[in-house]
Amino acid sequence: MEERLFSLVLALLATDSGLTKNEILSTVQGYSQKYSHSGDNSNLERQFERDKDDIRELGVPLETIDSPGQAGNNQNLRYRIPRGAYELPADIAFSPEETALLNLAAMVWREGSISGESRRAIIKLRSLGVETTEPVLTYAPRVRVRDAAFEPLGISLEKRQYVRFAYLKPGDAEASVRTVAPLALVQHQGRWHLYADENGTNKTFLLRRIVSQVAALAKTFPAPPADTKDRALLELEDVWNRNTAIVEVEPGTDAATRLRRRRGSSVAASGALELHYSDTNIFADELASFGPEALVISPPDLRDAVRTRLERSAADHG
Amino acid sequence: MAERAKPRQAQDKLAFLLSLVPYLMDHDRVSVATAAKHFGVPQEQVREAVRLIGVSGIPGDTAAYQHGDLFDIAWDDFEENDEIVITNLVAIDDSPRFSAREAAALIAGLQYLSALPENADREAIATLTAKLSRGASAEPSQVAVEASETDDTLALARESVTKGVQLSFDYLNSQGQAERRRVDPLRVESVDADWYLRGWDHLREAVRTFRLDRISNPEVTAEPITHGATDVSLPDKLFEGSVDDLIVTIDIAPSAAPLLADYIPDNAETVEHDGRLRTTVRVSHYHGLKRLVASMPGVATVVGPPEARAVVAEWAAAGAARYR
């Protein structure tokens, strides 16, 4: 299969004026052996359609142009891979230190299709022949992509398709069906979020609260601005900054050490810790794990949420 | 599944072919072993790729794949000396661009790693990100990971490795006891927002894993290390089982099961029970278990042994009592 894909890429790179589908199927290795000059080639045509998708997914810019004087005639569309859009620009080079950093960055992804993408990116990087420097301290970083919604949302994000899914808001008894334009996938505080447009308003959804399969719709939307993912992170950061909790911790305990070292933590005048958080329910789970070592003073909803959790755990194990 | 996996493999192989050609162009003569090591692939994969490249090409003016339209290699050098010399080139001049998703994966990975002392130069990261974006065939996908916080402990761990000396720090074990530990740092690991240091622990005389946010007052000592990263083979799992581990039976909501994956032994039997999964977890002591279970209220319940249930119940009740 890779033989056919490789031959197709070579043939389309070598042509300036492009090749018609018929020319490709009748001459390019891997197709031509199966091509019938008189009969039906619909199987081969479907094969070609799949191959185009596979090649494009690798970042190969396979484009179509109209045959001269035959604009709009689909049968005579010509296919080619323009060299300038295919090749890495000549002025882009990576130093051994940069290459080492990129190797580490790729190591972060070890699950799902994103791990395949980072692996292929590294293969392409190595084609430049740069040797890497070994980091002094060895690292094994990992970001998980365990939410089932991650893969389908990633695909729809890329294809700019609307999606539909059932979303369970905490406190609601039932999930509600949401139809949104997926704009970005961002991880904040260890959790994946979808940043999406719902009826003209940008909203953030926690992936772990998507309780149905994600259905991709036929309807598409225009590309969002390049900095959308940064805006999504900034909005999450704003929420995080706005949510402030006052928590008393028992000195010398695990809660005291870890909560004091939590990002953005500070000591209030009372001696209690002032902490920031994104989501009441998720933070309440975290605080409940500390049992009697931490006592939430405010806000009331967080205080109630932690108390309810502890009472539930005590009852479940009583 | 198999149908999805097949094109993936073919795509990986195609990416390798398109990357190997420019590498070989830049190296007049290179051994299969050198090329395999450089790309981090088995030697046989390189040989297979070279054999394929050697018979590939373009249809050419005659549409007949004539000799000059094909790549050629010095076959004798290849077959006899395991060396690669390309003698005729077609179609490919340079390395391929990254795809939008490939570039995005690396950019998001870099962003996540911003806490590493190696990444102290933020400007260098910005330059690298810009290069990746420019080197992609389309605008990188909208995927991002929050930058991690720079942590002093990491810089000190790096310093101690550079100097070949031990790192010491106060560490609160999950039973709540503080100890001064002396460690030969071996590897820094992370899972999402949590960071860990794995090292040879001189107090326990064994490899141990330390949560960075439980470490306080870290210090680079003058004591030389006795174990380097190459001397110790670290198991893949962050938390290894030991023969002293306690086995606990637990009921968990299926959606939350992945959260416990690290604690469930590979051979654990899992059965469905009233819409929940009943399985076993291994813990070194109940004090760690109570914290874990208390963070999953209503989602995870300890079934037995009774001592384990009692430890969790007592922990949660003591916590709840503080609100009365």
Side-chain angles (χ1 to χ4, degrees), chain A residues 1-2 5-6 10-11 13-14 27 54 58-59 61 87-88 92 98 102 105 108-109 114 117-118 120-121 123-124 126-129 136-142 144 146 184-188 190 228-229 254 257-258 261 263 285 288-289 291-292 295 307 309-314 316-318, chain B residues 7 10-11 13-17 19 22-23 26 39 58-59 63 91 94-95 97-99 101-102 105-106 109-110 112 128 131 135 137 142-146 149 158 161-162 172 187-193 213 229 258 291 294-295 297-298 301 309 312-313 315-320 322-323:
Chain A
M1 176 173 180
E2 63 272 16
L5 296 178
F6 188 46
L10 294 176
L13 266 175
T27 63
D54 283 348
L58 280 184
E87 290 170 351
L88 198 65
I92 291 186
E98 286 177 327
L102 292 175
V108 163
W109 309 107
I114 194 166
E117 281 139 18
S118 55
R120 289 200 288 270
I123 289 176
K124 291 180 181 177
R126 295 204 174 136
S127 84
L128 298 170
V136 176
L137 185 58
T138 51
Y139 295 101
R142 177 159 53 144
R144 282 183 176 160
R146 285 196 166 159
L185 280 166
V186 295
Q187 204 206 53
H188 187 261
T228 302
K229 58 185 190 301
D254 195 42
T257 317
R258 289 180 56 192
R261 295 208 47 189
R263 180 165 71 96
D285 285 346
S289 78
L295 176 67
R307 177 185 181 156
R309 279 163 169 72
L310 289 165
E311 285 168 351
R312 171 83 198 260
S313 290
D316 283 351
H317 293 87
Chain B
Q11 281 178 319
K13 286 186 179 171
L14 177 61
F16 182 54
L17 290 166
S19 303
Y23 171 81
D26 290 343
F39 280 95
I58 57 171
D94 248 313
S95 299
R97 284 174 183 257
F98 302 108
S99 76
R101 290 169 66 120
E102 289 164 3
L106 293 187
L110 275 179
Y112 170 68
L128 195 46
K131 272 198 243 183
S137 55
Q142 297 288 338
V143 175
V145 183
E146 179 190 19
E149 284 285 285
R158 186 171 188 257
V161 172
T162 312
L172 209 57
R187 193 200 279 168
V188 169
E189 302 199 7
S190 71
V191 180
D192 298 331
D213 65 357
R291 292 172 190 275
S295 73
T301 313
R309 274 179 70 87
V312 177
W315 181 248
R322 297 206 57 190
Y323 290 89

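These numbers come from a predicted model, not from an experiment. Letters go in sequence order (proteins before strands), and every chain restarts at 1.
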Minimum heavy-atom distance between [X] and [Y], given as atom pair plus value:
| X | Y | value |
| --- | --- | --- |
| B/G319 | A/L310 | C-CD1, 3.6 Å |
| A/S313 | B/A316 | CB-CB, 3.7 Å |
| A/T27 | B/A63 | CG2-CB, 3.6 Å |
| B/A91 | A/L13 | O-CD1, 4.2 Å |
| A/L102 | B/L106 | O-CD2, 3.9 Å |
| A/A314 | B/A317 | CB-N, 3.8 Å |

Just by distance, do the side chain of [X] and the backbone of [Y] share a donor-acceptor pair under 3.5 Å?
| X | Y | result |
| --- | --- | --- |
| A/R312 | B/P297 | no |
| A/K124 | B/S19 | no |
| B/R97 | A/L88 | no |
| B/Q142 | A/K229 | yes |
| B/D192 | A/R144 | yes |

With B/R309 via salt bridge (Lys or Arg N to Asp or Glu O under 4.0 Å) - residues at least two apart |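 With sequence neighbours excluded, B/R309 shows a salt bridge (Lys or Arg N to Asp or Glu O under 4.0 Å) to no residue whatsoever.
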List in chain and number order the residues that pass salt bridge (Lys or Arg N to Asp or Glu O under 4.0 Å) with A/R263, two or more places apart in sequence or in another chain; answer none if no residue qualifies.
->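 Salt bridge (Lys or Arg N to Asp or Glu O under 4.0 Å) list for A/R263, sorted by chain: A/E237, B/E146.
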Under 4.5 Å heavy-atom distance to chain B, tell me which part of A/V186 shows up: side chain, backbone, both or neither.
->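 Answer is both: backbone and side chain atoms of A/V186 are under 4.5 Å from chain B.
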Side chain / backbone / both / neither for A/R261 at chain B, heavy atoms under 4.5 Å |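 For A/R261, the side chain is the part near chain B, not the backbone.
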With a 4.5 angstrom heavy-atom cut-off, could you sort out which part of B/F98 is near chain A: side chain, backbone, both or neither?
->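 Both the backbone and the side chain of B/F98 come within 4.5 Å of chain A.
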Top contributor to chain B contacts, counting heavy-atom pairs under 4.5 Å, from A/P61, A/P141, A/G318 |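 Winner by heavy-atom pair count: A/P141.
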A/A14, A/A11, A/A121, A/G291: which one forms the most heavy-atom pairs within less than 4.5 Å of chain B?
->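 Going by pairs under 4.5 Å, I would pick A/A121.
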For chain A, the option from B/A105, B/P59, B/P22, B/A144 that forms the most heavy-atom pairs under 4.5 Å =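 Between B/A105, B/P59, B/P22, B/A144, the count favours B/A144.
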Heavy-atom pairs under 4.5 Å with chain A are the metric here; pick the option from B/F39, B/Y112, B/Y323 that has the most.
->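 Most pairs with chain A among the choices: B/Y323.
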Side chains of A/L58 and B/E102: does their closest heavy-atom pair fall under 4.5 Å?
->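 Side-chain contact under 4.5 Å: yes.
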With distance as the sole criterion, is a donor-acceptor pair present between the side chains of A/S289 and B/S295 under 3.5 Å?
->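 Side chains of A/S289 and B/S295: no pair found under 3.5 Å.
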Distance in Å, [X] [atom1] paired with [Y] [atom2], rounded so as to fall on 0.5 Å steps:
| X | Y | atom1 | atom2 | value |
| --- | --- | --- | --- | --- |
| B/L14 | A/L5 | CG | CG | 5.5 Å |
| A/L10 | B/I58 | CG | CD1 | 8.0 Å |
| B/Q11 | A/D54 | CD | CG | 4.5 Å |

Looking at B/D213 and A/R258, does any basic side-chain N land under 4.0 Å from a carboxylate oxygen?
->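 Salt bridge present between B/D213 and A/R258.
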